S.K.: 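The structure that follows is given in the form of structure tokens.
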Amino acid sequence: MRLHIEAAIDFPEEEIDFLADPVLLRQSGELIESVSCLLTDARRGQRLTDGLHVVLIGKPNAGKSSLMNALAGRARAIVTEIAGTTRDTLIEDIDLEGASITLVDTAGIRDSTDPIEQEGVRRARAELARADLALIVLAPGDEPALAALLDEAPATASVLVVRNKMDLGLDATPLLRGLDTIEISARTGAGLDDLRRRLCQLSGVGEGSEGSCSARARHVDALERVAACLAQAEARFRFDRAGELAAEELRLAQKALSEITGDYTADDLLGAIFSSFCIGK
Ligand SMILES: Nc1nc2c(ncn2[C@@H]2O[C@H](COP(=O)(O)OP(=O)(O)O)[C@@H](O)[C@H]2O)c(=O)[nH]1
Ligand SMILES: [Mg+2]
């Protein structure tokens, strides 16, 4: 696409068989589609390599630390009935049937005047920013806090609502529909196998993972920029009919792609143009 657009811009006097617009639009649609597939694959690959970053949030005393301990299989975090027991973020790597998962236990997110707790809440939010999954832990009665907790989860993370303390036999208030929910008891272990299965699924293990590429965060990041530039290029072309602006977006897309594939310079492009078209020098 760059070849044709740039050739048309640089050599307007040549009789170049410039691709008709519908063809370019079709090509750019195909390109956007394949980059999107690649991104899905790369994200899965990244989760397989780096592990799923799971951050537990919820009101104090919801049972986050109890759940962390139950999943870790050891008393990693201190558990007491005193709200505000966890003040720092605790990190534990676990392996679930080949899926590597990083669990992050956090201080309950709440307004506090205690400077230590405030710092804990700040750290919890920092961990959330890079979460693949926000695990919202709700004890019976915590339901009104759900909306605020959902707001804390970044748009890039999946959300799973874990309704804890089901052993108390209290009726759970229905939540918003469409939320991924699991009922457990961190105390008795009920529902934990279900939760482990969900975590495995989310980490990408078992879903045809052999096909995914072993991407790193920087690859995913570069591909996201490629996708954004391609979308811009298509918009410039489709809505503004501005070939020059589309060319610039395509250049930026290729530059981002070069971070993975190696540099593709202006000379490379010019070389490709001269070898594709018969241009008098
Ligand atoms: N009955 C019952 N109590 C629980 C359960 N999970 C945690 N707890 C209790 O709830 C209190 C707070 O637990 P903790 O894990 O420290 O909550 P956190 O503040 O969210 O980390 C403790 O007294 C726990 O023993 C559960 O599944 N059932
Ligand atoms: Mg805790």
Side-chain angles (χ1 to χ4, degrees), residues 52-94 96 101-154 157-176 179-199 202:
L52 191 74
H53 201 77
V54 180
V55 179
L56 284 72
I57 55 170
K59 289 185 66 172
N61 267 349
K64 299 177 293 299
S65 298
S66 305
L67 177 56
M68 164 98 155
N69 291 345
L71 289 173
R74 67 192 186 101
R76 173 74 175 83
I78 301 172
V79 170
T80 75
E81 64 287 354
I82 302 163
T85 299
T86 312
R87 301 207 284 185
D88 204 349
T89 45
L90 291 175
I91 299 181
E92 177 86 2
D93 289 319
I94 62 168
L96 287 183
I101 292 175
T102 302
L103 291 174
V104 184
D105 184 19
T106 63
I109 292 184
R110 62 170 177 179
D111 294 330
S112 166
T113 49
D114 174 0
I116 301 178
E117 206 177 327
Q118 281 173 353
E119 175 60 15
V121 172
R122 194 194 62 73
R123 290 182 184 199
R125 292 203 165 112
E127 285 296 332
L128 263 177
R130 53 196 210 97
D132 299 308
L133 174 70
L135 209 79
I136 300 183
V137 184
L138 292 184
D142 286 352
E143 293 81 3
L146 179 59
L149 289 164
L150 285 170
D151 277 347
E152 294 283 347
S158 314
V159 171
L160 177 59
V161 179
V162 174
R163 312 201 72 177
N164 189 30
K165 307 197 185 183
M166 285 301 132
D167 58 292
L168 294 178
L170 298 171
D171 275 344
T173 321
L175 303 177
L176 292 170
L179 278 175
D180 201 358
T181 309
I182 261 179
E183 300 191 348
I184 65 151
S185 165
R187 179 163 289 175
T188 67
L192 285 184
D193 280 343
D194 259 3
L195 177 56
R196 289 193 188 96
R197 255 192 303 280
R198 290 292 292 125
L199 291 176
L202 285 163

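Here, residue 1 is the first one in the sequence, and each next residue gets the next number. Order of appearance sets the numbers: ligands from 1, and atoms from 1 within every ligand. Owing to the predicted nature of the structure, the values given are computational and were not obtained by experimental measurement.
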S.K.: Around the Mg ion (ligand 2), how many protein N, O or S atoms are closer than 2.8 Å?
M.R.: 2
S.K.: Donor-acceptor pair, distance only, cut-off 3.5 Å: does the side chain of T106 make one with the backbone of T89?
M.R.: no
S.K.: Quick one: which residue pairs count as a salt bridge (charged side-chain N to carboxylate O under 4.0 Å, His left out) with a foot in residues 179-188, not counting sequence neighbours?
M.R.: D180-R198
S.K.: To check you understand the geometry: which heavy-atom pair defines the closest contact between P140 and K165, and what is its length?
M.R.: CD-CB, 3.7 Å
S.K.: Look at atom 22 (C) of ligand 1 and say which protein heavy atom is nearest, naming residue and atom and giving the distance to 0.1 Å.
M.R.: T80 O, 3.4 Å
S.K.: How far is atom 4 (C) of ligand 1 from the closest protein heavy atom, and which atom is that?
M.R.: K165 CE, 3.7 Å
S.K.: Which residue and non-hydrogen atom of the protein lie closest to atom 6 (N) of ligand 1, and at what distance in Å?
M.R.: N164 ND2, 3.2 Å
S.K.: Checking N164 side chain against A139 main chain: does a donor-acceptor pair fall under 3.5 Å?
M.R.: no
S.K.: Give every residue pair that meets the side-chain hydrogen bond (donor to acceptor under 3.5 Å, both in side chains) criterion with at least one member in residues 133-143, sequence neighbours excluded.
M.R.: E143-R163
S.K.: If the cut-off is 4.0 Å to any non-hydrogen atom of E81, which atoms of ligand 1 fall inside it?
M.R.: 23 (O)
S.K.: Pair L199, R196 - check side chain to side chain contact (heavy atoms under 4.5 Å, CB included), show working.
M.R.: CA-CA 5 Å; L199 291 176; R196 289 193 188 96; 5.5 Å; no
S.K.: Quick one: nearest non-hydrogen protein atom to atom 13 (O) of ligand 1, plus distance?
M.R.: S66 OG, 3.6 Å
S.K.: Give the contacting part of N61 toward ligand 1: side chain, backbone, both or neither, where contact means a heavy-atom distance below 4.0 Å.
M.R.: both
S.K.: Under 6.0 Å from the CD1 atom of I78, do we count more than 12 heavy atoms belonging to anything else shown?
M.R.: no
S.K.: Less than 3.5 Å between some nitrogen or oxygen of P60 and one of ligand 1, yes or no?
M.R.: no
S.K.: Regarding ligand 1, does G63 bring an N or O atom to under 3.5 Å of one of the ligand's N or O atoms?
M.R.: yes
S.K.: Below 4.0 angstrom from a heavy atom of A186, which ligand 1 atoms are there? Numbered from 1 as shown, please.
M.R.: 6 (N), 27 (O)
S.K.: Charged N to carboxylate O below 4.0 Å: is that the case for E127 and R123?
M.R.: no
S.K.: Is A62 close enough to touch ligand 1? Criterion: a residue heavy atom under 4.0 Å from a ligand atom.
M.R.: yes
S.K.: With salt bridge (charged side-chain N to carboxylate O under 4.0 Å, His left out) as the rule and sequence neighbours excluded, what pairs involving residues 58-71 come up?
M.R.: none
S.K.: For atom 1 (N) of ligand 1, find the nearest protein heavy atom and state the residue, atom name and distance (0.1 Å precision).
M.R.: D167 OD2, 3.0 Å
S.K.: What protein heavy atom sits nearest atom 25 (O) of ligand 1, and how far away is it?
M.R.: R187 NH2, 2.9 Å
S.K.: Does only the side chain of L168 get under 4.0 Å from ligand 1, or the backbone, or both, or neither? Count heavy atoms.
M.R.: side chain
S.K.: What is the nearest protein non-hydrogen atom to atom 24 (C) of ligand 1, stated with its residue, atom name and distance?
M.R.: V79 CG1, 3.7 Å
S.K.: Let's go through I101 and L133 carefully: what are the C-alpha distance in whole Å and the side-chain angles of both, what is the deciding distance for side chain to side chain contact (heavy atoms under 4.5 Å, CB included) to 0.1 Å, and is it a yes or a no?
M.R.: CA-CA 10 Å; I101 292 175; L133 174 70; over 6 Å; no
S.K.: What's the shortest heavy-atom distance between A153 and V159, and which atoms?
M.R.: CB-CG2, 3.9 Å
S.K.: Looking at L149 and I57, what are the two nearest heavy atoms and their distance?
M.R.: O-CD1, 3.8 Å
S.K.: What's the shortest heavy-atom distance between L67 and A186, and which atoms?
M.R.: N-CB, 3.9 Å
